[in-house]
Amino acid sequence: MIYFYDGTQEAFLTALTLSFHDGEPFLTSGNKQLVLGQETAFVRADPEKAKRVEKRLLSFDKDCMHDLDTLLRSGDANKDNVALVYFRLIAEKKRPVRTMLGEDAALAADECIRRVGFEVHRFHGFVRFLQSASGALYAPISPDNDICDLLVPHFRARLPQYPFVIHDVKRKKAAVYDGEHTFPAPLEEAEIVLSANEEKWQKLWIRYYDSVNIPSRERLRQMRGYMPVRYWKFMPEKTRPFTDGEEGGGAPFPPS
Amino acid sequence: MMCYNGGMIDERTLMILTESAKYDVSCSSSGSGRKNEGGIGNGYASGCCHSFTPDGRCISLLKILLSNDCIYNCKYCLNRRDNDLPRATATADDICGLVMDFYKRNYIEGLFLSSAVHISPDYTMEQLFLVAKKLRTEYNFHGYIHVKGIPHASMETVQKTALYADRMSFNIELPSESSLKLLAPQKDRQSLLVPMAQLQRDKEIFKAEKRKGHFIPAGQTTQMIVGASPEKDGTILRLSQGLYRKKGLKRVYYSSYVPVVHDSLLPEVAGGALREHRLYQADWLLRFYGFDAEELLPADGDLPTEFDPKCAWALAHMELFPVEINRAPLETLLRVPGIGARGAQRICNARWYTKLTFEHLKKMRIVLKRARHFITVGGKFYGAAETAVRGLLSAEESRANATQLSLFSMNEIALSALTGEL
Ligand code: SF4
């Protein structure tokens, strides 16, 4: 049976309970092509069922809901099923299965979770804030996984006096810190009036980036390995705004 | 909103002072869990890379000199007195302003401040101290600060700097006293080792007395130039081992010599990147894999070029292999070529529940290209005949080298990626 659901935790847990009676379930939140002759079910969240199974799962592994949250954030097209199989294994073994890497289900979940965690770590470094005229900071990002709100605690701890917005332009959503509270918000486009000095600081940063490089030791493959090109879109040192005509020039920045 | 009146450094000064600092290889921002105390910034214990330059290196800290106007004349150095090059000296507020605005935009993790010996060692150290102090007390900055120690500067200034810095480093520069004398005549071993040892003692006392505040929480590191002088890898690694085990250093960095100035005492060619790479691999074995320098090579020997040091060690000890994946203790797994620290840990975890097969290992992404010659899995051997192993591994290694060179000189991300490889 192929189960479709809306990608929420609650509907996931509901689908999980339904799948217990199923030999070969497959779960997806995407619009997978229907294969003729395959049975399908659209699962709606059943809060009661979800609560019950959550309680049971937590009694087997007190950290498993954290895993679920992480898995459902993954950009992997197969994440829903990876999560389903992983949680079925927890239910089967009645214990944490995190380190049972001999099991395919545990291994697949482990990798998925690790990739999300790694991207969060990378974005702690790769986020680039622009300062607006009001002093607030704005960072557009376009990560593989749905992580923008996971980045907030890190920056909030460092920059408590600065309200900031981390904007996932791909998913059209943002994580907002208003100087006091943190909350998610849908966000299509943002219009930012840059602070008077923003351009100068970005230029200085680009100067720094160019000066600290050792050209005689060029290793572009390594650079791209550690900082994949898909992440460059919002990094001034790679898009090189305000430096028209100079080497390395790219799309104008910030994006309009 | 916080207010501070940091100036804005001009582009030219920034470029000169960066160009002059860039050959220093240490850039790590790890090891400090400093909290934000009502200002801006905190430590990130595992370190964090913010960007990567086309040379493949990580940018973690703003690496800059306060001044490149040097009274010393170290022969290998771009900033030596006799070298004709544009000079600049920044003010403390220039640097502080730069750090604050770069940090706020998340360009950097903090500051790595060094300097040429400007006016005098004491004067220079005092200026470095002032920047660190200003950043912490006036600018309320709690991000990472690494300050270079200036040889021959007053110990007192060095000590008070340690109260504001997360990390300090006195660079050994060259692997032997005689090379130092020849190439950096105004420095001597003692001017580097004595303050290093003093800081270590101070740090221990600071900890033991549970004093308030911080005293270089991320410890000390050092750096030496490899390939400018005749010392062998064996000497270098014994020196590093001593620094780790006796002086409590956190990291020793190796910087392959780059001929930036001409001098009859210096080689005209750059030290090989492969040598630097091998030294970092061996250094890694000393720190995380339970190896002693003495096991890896004789004092007057160099590391082999055709194999990584762990592989070379294993090939010389074939009588200890193969080991059984399902039984060998962690320390033994760590010695299998190709199995890294993370891989070994994952194996130990997984075999607790089930007897591992070769398929399991593959799925767990344990790199088996090298390892298979040194292990059995469930009693079965998947490697080649002992006589063929050498040839296979050497061919494998030269392919790998083409892409992996000097990953080890990199920062955190690279290092964590690599623990699975060695
Ligand atoms: S002291 Fe020596 S190594 Fe340092 S900047 Fe001056 S000349 Fe260069």
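Note that this is a predicted model, so its numbers are computed, not measured. In what follows, every chain begins at residue 1, and chains take the letters A, B, ... in the order their sequences are listed.
- In the displayed structure, B:K355 atom NZ is contacted under 6.0 Å by at most 12 heavy atoms of other residues, nucleotides or ligands.
- Using a 4.5 Å heavy-atom cutoff, the side chains of A:T99 and B:Y353 are in contact.
- One finds the OG atom of B:S51 at 4.5 Å from the OH atom of A:Y209 (value rounded to the nearest 0.5 Å).
- The most heavy-atom pairs under 4.5 Å with chain B, out of A:Y231, A:W205, A:F129, come from A:W205.
- Among B:I64, B:L62, B:I347, the residue making the largest number of heavy-atom pairs under 4.5 Å with chain A is B:L62.
- Contact count against chain A (heavy-atom pairs under 4.5 Å) is highest for B:K63 among B:K35, B:H142, B:K63.
- Atoms CD and CD1, from A:Q161 and B:I40 in turn, are 7.5 Å apart once rounded to the nearest 0.5 Å.
- Note: A:H121 and B:Y44 have perpendicular aromatic rings, judged against thresholds of 30 and 60 degrees for the angle between ring planes.
- Note on A:G179, A:S216, A:G102: by heavy-atom pairs under 4.5 Å with chain B, the leading option is A:G102.
- Between chain B and the residues A:E111, A:K203, A:E103, the most heavy-atom pairs under 4.5 angstrom are made by A:E111.
- Atom CG of A:L101 is separated from atom CZ of B:R351 by 13.0 Å, given to the nearest 0.5 angstrom.
- Side-chain contact between A:L204 and B:Y107 is absent, with no heavy atoms from C-beta onward closer than 4.5 Å.
- Residue contact with chain B, scored on non-hydrogen atoms closer than 4.5 Å, is absent for A:R156.
- A distance of 9.5 Å separates OG of B:S46 from NE2 of A:H124, quoted to the nearest 0.5 Å.
- Between B:I59 and A:E237 there is no side-chain heavy-atom pair separated by less than 4.5 Å.
- A 6.0 Å sphere centred on CD of A:E24 holds no more than 12 heavy atoms belonging to other residues, nucleotides or ligands.
- Distance check, rounded to the nearest 0.5 Å: CG of A:D104 to NZ of B:K363 gives 3.5 Å.
- Closest approach of B:M15 to A:S211, counting heavy atoms only: CG-OG, 3.4 Å.
- Between chain A and the residues B:L356, B:N106, B:N349, the most heavy-atom pairs under 4.5 angstrom are made by B:N106.
- For B:D55 (side chain) and A:N213 (main-chain N/O), no donor-acceptor pair under 3.5 Å exists by modelled atom type.
- Put simply, CD on A:Q202 and CZ on B:R105 are 7.5 Å apart, with the number rounded to the nearest 0.5 Å.
- For B:H360, the part sitting under 4.5 Å from any heavy atom of chain A is the side chain, from C-beta outward, and nothing else.
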For this session: Would you check, one step at a time, whether the test side chain to side chain contact (heavy atoms under 4.5 Å, CB included) holds for B:Y103 with A:R158?
Result: CA-CA 9 Å; B:Y103 191 90; A:R158 310 194 138 186; 3.1 Å; yes
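- Using a 4.5 Å heavy-atom threshold, the side chains of A:R219 and B:R57 count as separate.
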For this session: Might you work through the side chain to side chain contact (heavy atoms under 4.5 Å, CB included) test for B:L98 and A:Y208, ending with a clear yes or no?
Result: CA-CA 11 Å; B:L98 198 53; A:Y208 176 75; over 6 Å; no
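- Counted within 6.0 Å of CZ on A:R114, heavy atoms from surrounding residues, nucleotides or ligands total more than 12; the atom is thus considered enclosed.
- Put simply, of A:L220, A:I214, A:L159, A:L107, the one with the most heavy-atom pairs under 4.5 Å next to chain B is A:I214.
- Minimum interatomic distance between B:K22 and A:P215 (heavy atoms only, all atoms of both residues): NZ-CD, 4.0 Å.
- The pair B:E11-A:K200 does not meet the salt-bridge criterion, since no charged nitrogen lies less than 4.0 angstrom from a carboxylate oxygen.
- Contact annotation for A:F123: only backbone heavy atoms (N, CA, C, O) come within less than 4.5 Å of a heavy atom of chain B.
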Exercise. Where do A:R217 and B:S256 land on the side chain to side chain contact (heavy atoms under 4.5 Å, CB included) test, with the steps shown first?
Worked result: CA-CA 11 Å; A:R217 289 190 164 192; B:S256 179; 3.4 Å; yes
